[in-house]
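Each remark here refers to the structure printed beneath this line.
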Amino acid sequence: MAIDAVEVQSAMPNHRARTIHVTVNGVPRESHVEARTLLVSYLREHLRLTGTHIGCDTGHCGACTVLVDGTPVKSCMFLAVQSDGSEVRTVEGLETGGKLHPVQEGFHKEHGLQCGYCTPGMMMTSVALLAANPNPTEDEIRRGISGNLCRCTGYVNIVKAIQSAAKEMAAPPKGGP
Ligand code: FES
Ligand code: FES
């Protein structure tokens, strides 16, 4: 189990520190955090998982989306202590064994990004969307990602990327029967 350093965000004595146990991208963590620490800050500043972005910091843009027990969560609106006992998955946890996740492949293949700022959150929402609905219609995709804002792409290629990932995930494994 990885044990992370105590966070000191304030010069004042910290009487509200908590110990949390979270599995992040498959790695069990025991961390000491202030009760006020946001999940996005815990991920970025404690664990140095900077793939999770901060856009608006007010719950609107979705750039900070991660999965907590499989559910997309805007980590700028979620306390680290709320993730105690949970499995957290970030964009860094999508790749397995050097192989990109089909959603990552889809965004690459269909040019589903330009600046890339929204992309980690958009991909995490897409992963959850496809887990709940493996064959979504275009309308379902658009509604599914409506909490994630993109200022660059116009969403057309993002929708194509998710459709591509759905197709890939539905295909039988290569070399299989
Ligand atoms: Fe969290 Fe925008 S940074 S919703
Ligand atoms: Fe730039 Fe989405 S690719 S905000």
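Sequence positions, counted from 1, serve as the residue numbers for this chain. Order of appearance sets the numbers: ligands from 1, and atoms from 1 within every ligand.
- Neighbouring protein atoms of atom 2 (Fe) of ligand 2 (N, O or S, distance under 2.8 Å, waters ignored): Cys118 SG, Cys150 SG.
- Not counting sequence neighbours, the partners of Glu92 by the side-chain hydrogen bond (donor to acceptor under 3.5 Å, both in side chains) test are Thr90.
- In this structure, Tyr117 contributes its side chain and His53 its backbone to no donor-acceptor pair below 3.5 Å.
- Connection of Ile141 to Val127 is established within a shared hydrophobic cluster, with ILVMFWY side chains joined at heavy-atom distances below 4.5 Å, either directly or through further cluster members.
- Shown are the protein N/O/S atoms under 2.8 Å from atom 1 (Fe) of ligand 1, given by residue and atom: Cys64 SG, Cys76 SG.
- Put simply, the side chain of His21 does not reach to within 4.5 Å of the side chain of Arg29, judged on heavy atoms.
- The existence of a salt bridge linking Glu138 and Arg142 is confirmed by a sub-4.0 Å separation between a basic side-chain nitrogen and an acidic carboxylate oxygen.
- Counting heavy atoms from C-beta outward, Ile162 and Leu130 have side chains that approach closer than 4.5 Å.
- Pairs engaging residues 71-112 under the ring pair (Phe, Tyr, Trp, His ring centres under 6.0 Å) rule: none recorded [sequence neighbours left out].
- Under the 4.5 Å side-chain criterion, counting only non-hydrogen atoms from C-beta, Cys118 is not in contact with Asn148.
- Ser31 and His46 share no donor-acceptor pair across their side chains, judged by distance under 3.5 Å alone.
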